[in-house]
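Hydrogens, waters and symmetry mates are skipped; everything else that's a heavy atom, side chains included, is used.
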Amino acid sequence: MVKRSSVIAAACVAVVSSASAQAPPASPPYPAPKTAPPIVTPGITNADPPSDAIVLFNGKDLSHWRTDNGGPARWIVRDGYMEVNPGSGGIATIEKFGDVQLHIEWATPSVVKGEGQERGNSGVFLMERYEVQVLDSYQNETYYHGEAGSIYKQYPPLVNASRKPGEWQTYDIIFHAPRFDEMGKVVDRARFTVLHNGVLIQNNVEVYGLTYHDRAPVYIAHSPQESLALQDHGNPVRYRNIWIRRL
């Protein structure tokens with residue numbers, strides 16, 4: 001007489017064997033990579049440029065920059081930083097970019113003048129169109145989507161991570177450029193991830209269009225690569241240690 005437990009055990013073995021025979025392969029159902037990831041040597045610190053970065057400002061000159069109309073950049077360079085020369089106009093990179101990782105350090109004036117949007121105002125414009133706001137937002141009230149780290153007039157920062165006036169601050173930005181079809185219609189919106197002083201303040205947000213200050217955002221088709229621009233808003237904001245990586 002066969003014990004009931006032996007029958008159950010045999011049945012279990014049969015089920016397991018059948019399942020094993022039908023189990024999918026261990027490898028994913030897509031081809032394995034055939035090339036190794038390229039080697040990039042990181043900087044000594046997270047603020048230092050890695051080996052594949054383009055250094056846009058080395059603290060010495062503005063050779064990578066031009067004015068809005070293409071002339072030589074006329075901002076002030078001294079002591080390892082560049083400073084907005086109020087009234088001289090914004091500056092933009094000679095080289096153009098699409099998807100990027102950007103590191104940039106900035107400081108608003110240590111002597112506080114004005115309030116709201118008149119206090120340490122500048123801006124970092126990806127593709128000369130999509131702005132991450134620069135502002136002295138330390139104990140300075142203004143509209144929320146105009147604070148430091150906002151995607152201007154579209155997304156306020158998740159938190160206010162601002163340091164005191166005059167102190168150096170950092171933005172680490174991951175930017176994905178918009179894509180347009182052959183008719184000029186946007187098919188993929190621009191996207192931003194931003195860390196302010198190491199704190200996540202924009203988490204892969206989709207931009208609604210150009211970051212206008214006086215009208216609703218809208219997309220206007222443009223080239224897949226455009227310049228990085230810094231704004232002259234009439235305040236002597238300083239910048240240093242600017243580097244960028246193509247993605």
Side-chain angles (χ1 to χ4, degrees), residues 23-65 80 82 92-106 123-134 149-151 154-155 157-159 161 168-182 186-208 211 219 221-230 239-247:
S27 59
Y30 47 81
K34 296 182 179 179
T35 58
I39 295 173
V40 172
T41 304
I44 296 173
T45 71
N46 289 340
D48 295 316
S51 58
D52 65 343
I54 300 169
V55 177
L56 295 174
F57 179 66
N58 60 7
K60 298 178 181 179
D61 60 62
L62 296 173
S63 58
H64 285 273
W65 301 83
M82 61 168 150
T93 57
I94 296 169
E95 195 163 354
K96 298 184 178 183
F97 306 94
D99 299 347
V100 294
Q101 174 188 348
L102 171 67
H103 176 90
I104 187 166
E105 300 176 11
W106 54 275
V124 179
F125 285 78
L126 280 296
M127 309 191 95
E128 297 189 80
R129 293 166 172 82
Y130 312 107
E131 181 185 11
V132 180
Q133 171 77 314
V134 169
S150 63
I151 307 304
Q154 297 188 31
Y155 292 96
L158 295 172
V159 296
W168 283 102
Q169 312 199 48
T170 64
Y171 282 160
D172 288 288
I173 298 171
I174 306 298
F175 174 75
H176 291 276
R179 271 64 173 174
F180 301 92
D181 65 17
E182 63 277 5
V186 65
V187 292
D188 286 308
R189 293 175 175 173
R191 288 180 284 126
F192 276 101
T193 295
V194 182
L195 283 82
H196 182 193
N197 297 325
V199 179
L200 181 68
I201 61 167
Q202 300 289 351
N203 188 11
N204 196 34
V205 295
E206 287 192 347
V207 181
Y208 297 115
T211 51
Y219 275 104
H222 55 75
S223 299
Q225 297 191 62
E226 295 288 353
S227 299
L228 169 72
L230 302 177
Y239 291 94
R240 71 178 186 186
N241 193 22
I242 306 172
W243 52 263
I244 197 166
R245 296 179 63 242
R246 300 183 187 276
L247 299 179

Indicate yes or no: at least one non-hydrogen side-chain atom of I54 is less than 4.5 angstrom from one of F97. yes
Indicate the atoms forming the closest heavy-atom contact of L230 with M82, along with that distance. CD1-CE, 3.8 Å
Parallel, tilted or perpendicular: which describes the rings of F180 and H222, with under 30° parallel and over 60° perpendicular? perpendicular
Is R189 reaching over with its side chain to a backbone N or O of V187, donor-acceptor style, under 3.5 angstrom? no
Correct closest heavy-atom pair for T93 and S227 would be O-OG, 2.8 Å
Looking at W243 and A47, would you say the former's side chain and the latter's main chain have a donor-acceptor pair under 3.5 Å? yes
Nearest 0.5 angstrom please: Y130 OH to Y219 OH, how far? 5.5 Å
Would you say L195 and I174 make side-chain contact, with heavy atoms under 4.5 Å? no
Does F57 form a side chain to side chain contact (heavy atoms under 4.5 Å, CB included) with I104? I'd like the steps, not just the answer. CA-CA 9 Å; F57 179 66; I104 187 166; over 6 Å; no
Rounded to the nearest 0.5 angstrom, the CG-CD distance for L126 and E226 is 11.5 Å
Determine the minimum heavy-atom distance between M127 and P178, stating which atoms define it. SD-CD, 3.9 Å
State, with a plain yes or no, whether a side-chain heavy atom of I242 is found less than 4.5 Å away from one of L102. yes
Using a 4.5 Å cut-off on heavy atoms from C-beta on, say whether the side chain of I151 contacts that of Y208. no
Indicate the atoms forming the closest heavy-atom contact of P49 with V55, along with that distance. CG-CG2, 4.0 Å
For the CZ atom of F175 and the CG atom of D99, what is their distance to the nearest 0.5 Å? 7.5 Å
Taking the side chain as C-beta and beyond, is there a heavy-atom pair between F125 and T211 under 4.5 Å? yes
Heavy atoms of P50 and V40 approach each other most closely as CB-CG1, 3.8 Å
NE2 on H176 to CG on L247, rounded to 0.5 Å: 6.5 Å
Under the side chain to side chain donor-acceptor pair (under 3.5 Å) rule, what pairs show up with a residue in residues 194-204, not counting sequence neighbours? R163-N197, Q169-H196, Q169-N197, R191-N204
Side chain proximity check, V194 to Y155, heavy atoms < 4.5 angstrom: no
I need the minimum non-hydrogen distance between E105 and N241, along with the two atoms involved. OE2-ND2, 2.7 Å
In this structure, CD1 of I94 is separated from CG of L228 (nearest 0.5 Å) by 12.5 Å
Separation of R246 CZ from E95 CD (nearest 0.5 Å): 4.5 Å
Inter- and intrachain pairs under side chain to side chain donor-acceptor pair (under 3.5 Å), touching residues 35-47, at least two apart: T45-D48
